[in-house]
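Structure record follows, encoded as structure tokens.
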Amino acid sequence: MSNNDGCAISRSNEAKALGVKMGAPIHKMKDLIERHRIVCLSSNYALYGDMSKRVMNVLRMFTPQIEVYSIDEAFLNLEGIAGPLKDYCLRIRETVIQRTGIPVGVGIANTKTLAKAANKMSKKNGGVFELTDPAKIEGALANYDVGEVWGVGPALTAHYARRGITTALQLRDADAKDIERKHSVVAARTVLELRGVPSIPIEEVTPDKKNICVSRGFSRPVFTLHELCESVSVYASRAAEKAREQGLNARSMSVFVETNRFKDVKQYANSYSIELPVPTSDTMELVRFAVRIVAMLFVDGIEYKKAGVLLNDLSSEGVQTNLFDDEDRMRLMRLNRAMDLVNKDWGDGCLSFASCGIGRSWITKFSKRTPRYTSRWNELAVART
DNA sequence: TCTGGGGTCCTAGGACCC
DNA sequence: TCTGGGGTCCTAGGACCC
């Protein structure tokens with residue numbers, strides 16, 4: 001299950017057979033789960049990260065030229081390996097199982113895209129599948145849905161389908177220039193890769209992160225400033241921790257909040273970014289800015305004097321007021337007021353999601369598809385005050 | 001009541017510059 | 001009818017990946 005045990009994100013073959021869909025909300029499957037006594041387990045990302053490292057270290061014994069692509073995938077450059085590659089890869093597979101107990105699939109090909117396809121095919125072919133013989137490639141790609149190809153997502157699949165391209169073979173034989181004109185260089189690269197022309201290099205050194213984001217949907221709606229600040233502070237300190245782990249400093253910070261998009265009520269979403277005066281990964285520093293941004297989210301553009309609200313006792317709400325200067329205090333007074341107004345107007349559709357992100361660029365961008373109602377928000381606040 | 005959480009890159013178009 | 005011709009930077013949004 002995903003975070004907060006909300007969704008099914010990994011399923012056994014038995015669960016799949018019972019119709020448990022990828023990403024399906026657990027709470028909508030209560031009956032199914034009970035009827036078939038399906039076992040639901042919380043996820044443990046620290047454990048997976050640790051196991052991943054162990055597997056990757058075993059792979060490193062077989063070639064120094066390795067790109068750790070994700071928590072459970074790696075590309076190995078086998079150029080210059082003597083003897084049949086398939087035998088070599090069978091040995092890799094055996095060694096990984098011996099040392100970690102984890103069964104892996106190995107796909108062998110001239111390009112990353114073909115290797116990914118071969119890897120998928122390996123699952124039904126003894127764990128190792130080679131895709132280097134032209135005739136074999138042709139046959140395999142003819143039976144491979146274009147949507148399964150690495151780099152071809154739902155949008156491209158639909159576009160290709162309209163032009164009669166439904167298999168990987170048809171995409172391979174399409175006009176690459178035409179694909180580039182109609183779509184992008186990325187799509188064109190996929191075509192070349194399917195032809196066996198390496199167009200996506202193996203990246204042995206992992207590039208530094210450009211953004212770090214910590215975001216959570218709340219397990220229940222959040223109504224008070226105290227709860228919001230508390231959550232965002234936790235996200236900010238987690239983000240700071242991640243930055244330090246990676247030896248990075250943030251130059252900007254962004255916070256966004258959203259109402260519950262699954263509810264059929266008026267939606268609100270907003271975000272605010274700042275440049276940090278000095279690049280940092282210091283927890284207290286970043287938490288302080290995060291809380292200030294929360295204030296900015298709500299009160300941007302409202303005159304304090306017009307608001308004319310009384311200072312709420314922030315410490316009785318549990319907010320650490322020693323983090324604020326006078327200006328922050330003023331913002332927060334207005335924020336308290338704004339939260340009140342929003343709670344009245346939006347009712348139980350109130351904040352359900354928040355995040356804190358930091359980045360290397362001057363402005364951190366986490367664009368969301370959710371519409372923003374900043375002006376509406378301000379109108380509301382001004383009108384009510 | 002409960003509905004995942006991270007990331008990256010590319011492109012089009014507008015603003016702005018000379 | 002004529003109406004310059006290049007550029008760069010930034011941002012939003014789309015698309016993809018795990």
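Below, read A as the first sequence line, B as the second, and so on, with proteins coming before strands; counting in each chain starts at 1.
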Self-check item: A/Lys182: partners by salt bridge (charged side-chain N to carboxylate O under 4.0 Å, His left out), with sequence neighbours left out
Solution: A/Asp178

Exercise. Show your working on side-chain contact (heavy atoms from CB on, under 4.5 Å) between A/Asn77 and A/Ile66 and close with a plain yes or no.
Key: CA-CA 6 Å; A/Asn77 188 349; A/Ile66 170 175; over 6 Å; no

Quiz item: What is the distance from CG of A/Leu156 to P of B/dC10, rounded to the nearest Å?
Solution: 14 Å

Self-check item: A/Phe218 CZ - B/dG4 C1' separation (whole Å)
Solution: 15 Å

Exercise. Name every residue in residues 165-179 of chain A that has at least one heavy atom under 4.0 Å from any atom of DNA chain B, in order of residue number, or write none if there are no such residues.
Key: none

Quiz prompt | N/O (side chain, A/Asn211) to phosphate O (OP1/OP2, B/dT8) under 4.0 Å | solution = yes

Exercise. Round to a whole Å and report the spacing from CG of A/Leu248 to P of B/dG7.
Key: 11 Å

Quiz item: Given the rule that I, L, V, M, F, W and Y join up when any side-chain heavy atoms are under 4.5 Å apart, are A/Tyr48 and A/Val39 in one cluster?
Solution: no

Quiz item: Do the side chains of A/Leu114 and A/Ile165 join up, straight or via other hydrophobic residues, at under 4.5 Å, putting them in one cluster?
Solution: yes

Self-check item: Pairwise ring-ring contact (aromatic ring centres under 6.0 Å, His included) hits with a residue in residues 96-136 of chain A, at least two apart
Solution: none

Quiz item: Between B/dC2 atom C1' and A/Asp31 atom CG, what is the distance in whole Å?
Solution: 15 Å

Quiz item: Are A/Tyr235 and A/Ser233 close enough that a side-chain donor and a side-chain acceptor fall under 3.5 Å?
Solution: no

Practice problem: Ignoring the backbone of A/Lys116, work out which of C/dC18, B/dT3, C/dC16 is nearest its side chain. | Solution: C/dC18

Self-check item: Side chain to side chain, A/Glu34 and A/Asp31, heavy atoms closer than 4.5 Å
Solution: no

Quiz item: Expressed in angstrom and rounded to an integer, what is the separation of A/Asp5 atom CG from B/dT1 atom P?
Solution: 19 Å

Quiz item: Between A/Lys116 and A/Tyr69, which heavy-atom pair has the shortest distance, and what is it?
Solution: NZ-CE2, 4.3 Å

Self-check item: d(OH, A/Tyr160; C1', C/dA15) in whole Å
Solution: 11 Å

Quiz item: Does any pair with a residue in residues 176-204 of chain A pass ring-ring contact (aromatic ring centres under 6.0 Å, His included), and if so which ones, sequence neighbours excluded?
Solution: A/His159-A/His183, A/Tyr160-A/His183

Quiz item: Given C/dA15, C/dC16, B/dG6, which nucleotide is nearest the side-chain atoms of A/His159?
Solution: C/dA15

Under 3.5 Å, which donor-acceptor pairs do the side chains of residues 85-103 of chain A form with other protein atoms, sequence neighbours left out?
| residue | atom | partner | partner atom | Å |
| --- | --- | --- | --- | --- |
| A/Tyr88 | OH | A/Phe62 | O | 2.6 |
| A/Arg93 | NH1 | A/Val104 | O | 2.3 |
| A/Thr95 | OG1 | A/Arg91 | O | 2.6 |
| A/Thr100 | OG1 | A/Val96 | O | 2.6 |
| A/Thr100 | OG1 | A/Ile102 | N | 3.2 |

For residues 6-18 of chain A, which side-chain N or O atoms pair as donor and acceptor with protein atoms under 3.5 Å away, sequence neighbours left out?
| residue | atom | partner | partner atom | Å |
| --- | --- | --- | --- | --- |
| A/Arg11 | NH1 | A/Val20 | O | 2.9 |
| A/Ser12 | OG | A/Glu14 | OE1 | 3.3 |
| A/Ser12 | OG | A/Ala15 | N | 3.1 |

Listing time: all N or O pairs from protein to nucleotides 11-14 of chain B that are below 3.5 Å?
| residue | atom | partner | partner atom | Å |
| --- | --- | --- | --- | --- |
| B/dT11 | OP1 | A/Val185 | N | 3.3 |

Quiz item: For DNA chain C, what dot-bracket results from Watson-Crick or G-U pairs at under 3.5 Å, with [ ] for crossers and | for inter-strand partners?
Solution: ....||||||||||||||

Self-check item: Crowding at CD, A/Glu245 (>12 non-hydrogen neighbours, <6.0 Å)
Solution: yes

Self-check item: Selected nucleotide, minimal atom distance to A/Lys210 side chain, candidates C/dC18, C/dA15, B/dT8
Solution: B/dT8

Quiz item: Starting at CD1 of A/Ile33 and ending at C1' of B/dC2, how long is that distance when rounded to a whole Å?
Solution: 11 Å

Quiz item: Does A/Phe75 have its ring centroid less than 6.0 Å away from the ring centroid of A/Trp150?
Solution: yes

Exercise. Please list, by residue number, the residues of residues 6-30 of chain A whose heavy atoms come closer than 4.0 Å to an atom of DNA chain B; answer none if no residue qualifies.
Key: A/Gly6, A/Cys7, A/Pro25, A/His27

Self-check item: Non-neighbouring partners of A/Glu138 that pass side-chain hydrogen bond (donor to acceptor under 3.5 Å, both in side chains), sequence neighbours left out
Solution: A/Arg172

Quiz item: Of A/Glu241, A/Arg238, A/Arg244, which is the lone residue that meets side chain to side chain donor-acceptor pair (under 3.5 Å) with A/Thr283?
Solution: A/Arg244

Self-check item: Atom pair distance, as rounded to whole Å: CG in A/Asn119 and P in C/dC17
Solution: 15 Å

Quiz item: Would you call A/Leu76 and A/Leu59 a side-chain contact if the rule is heavy atoms closer than 4.5 Å?
Solution: yes

Quiz item: With A/Asp282, which residues qualify under side-chain hydrogen bond (donor to acceptor under 3.5 Å, both in side chains), at least two apart?
Solution: none

Quiz prompt | Contact list for DNA chain B against residues 40-73 of chain A - heavy-atom distance below 4.0 Å | solution = none

Quiz item: What does A/Arg189 touch in the nucleic acid at a heavy-atom separation under 4.0 angstrom: a base, only the sugar-phosphate, or nothing?
Solution: sugar-phosphate

